[in-house]
Amino acid sequence: MNPERLDERFFSQDAVTVARLLLGKTLVRVFPDGSVGRYRITETEAYLGEADKACHASKGRTPRTEVMYHKAGKIYVYLIYGMYWMLNFVTGPEGSPQAVLIRGLDDLRGSGKVGRLLSVDKNFYGEELQNSPRMWVEDAPELSDFETAARVGIDYAGEEWKNKPWRFIALR
DNA sequence: CCAGTGATCAGG
DNA sequence: CTGATCACTGGA
């Protein structure tokens, strides 16, 4: 049986659950030249809705955060520091703005490096992983060997939110 | 430690 | 329009 492409059912779970379950799953990218890259997801972070001060949606619905209010399984990308494209997947029920940031693939760590490796840019904004011809996620056995940590780069979020253990790191 | 680099958003 | 801010990285 071929690996199943993960769809809206999978991504509709809450962001913390999806961030954990994505560890070990296979991210597939078909590049413009037709070459195919397959990567094991090794680090993720969860951003859990308007209440989460670290989540972009804590500032409400704007053109940038709009896609997080859409149905799960869409791609949320944005440019940070004028140089780095962050790759996120929308999760949770429709209307509940949640997302999971992809921070590591195989041995590569760092969300900025992930965007560079995959040649992500604003054209991916809103694309659906269940339909896209150039990016999707395939199922793989659940990975139990991982650790959690606080999320990176969100000191502005305040004590309650910045210490949530919503960063998931695959071991081995 | 800190500079680079430009979209985004709130405020006039 | 202005200006602060930023889910980062790489090099002193």
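Letters A, B, ... mirror the listed sequences (proteins, then strands); counts begin at 1. As the structure is a prediction and not an experimental result, all values here were calculated from the model.
- Residue contacts for Met86(A): at a heavy-atom cut-off of 4.0 Å it reaches the sugar-phosphate backbone alone, with no base atom in range.
- Using a 4.0 Å heavy-atom criterion, one finds that Arg64(A) contacts the sugar-phosphate atoms exclusively.
- Shown for residues 48-63 of chain A: residues whose heavy atoms fall under 4.0 angstrom of DNA chain C, namely Ala54(A), Cys55(A), His56(A).
- Under the 3.5 Å distance criterion, the side-chain polar atoms of Glu138(A) are left unmatched by any main-chain donor or acceptor of Pro3(A).
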List, with names and distances, any nitrogen or oxygen atoms from the protein found under 3.5 Å away from nitrogen or oxygen atoms belonging to nucleotides 10-12 of chain C.
none

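- Judged by distance alone, with hydrogens and angles left aside, Tyr78(A) brings a side-chain donor or acceptor within reach of the base of dA7(C), the pair sitting under 3.5 Å.
- Not a single donor-acceptor pair under 3.5 Å links the side chain of Thr42(A) to the backbone N or O of Arg109(A).
- A salt bridge does not link Lys53(A) with Glu160(A): every distance from a Lys NZ or Arg NE/NH1/NH2 to an Asp or Glu carboxylate oxygen is 4.0 Å or more.
- Residue Gly112(A) is classed as a sugar-phosphate contact, given heavy-atom separations below 4.0 Å to backbone atoms only.
- With respect to Glu45(A) and Arg103(A), a salt bridge is recorded, a charged nitrogen being found less than 4.0 Å from a carboxylate O.
- Remark: side-chain polar atoms of Asp139(A) are not paired, donor with acceptor, to backbone N or O of Glu4(A) under 3.5 angstrom.
- Remark: C1' of dA7(C) and CG of Leu87(A) are 12 Å apart, rounded to the nearest angstrom.
- When only modelled atom types and interatomic distance are considered, Glu50(A) and Tyr69(A) share a side-chain donor-acceptor pair under 3.5 Å.
- Base orientation of dA7(C): syn, the glycosidic angle falling within 90° of 0.
- OP1 or OP2 of dC8(C) lies within a sub-4.0 Å distance of a side-chain N or O belonging to Arg103(A).
- Paired with Leu118(A) under the rule side chain to side chain contact (heavy atoms under 4.5 Å, CB included), one option of Leu27(A), Val77(A), Ile102(A) passes, and it is Leu27(A).
- To the nearest angstrom, C1' of dA7(C) lies 16 Å from CD of Gln98(A).
- Across all strands shown, nothing is found opposite dA7(C) as a Watson-Crick or G-U wobble partner with both distances under 3.5 Å.
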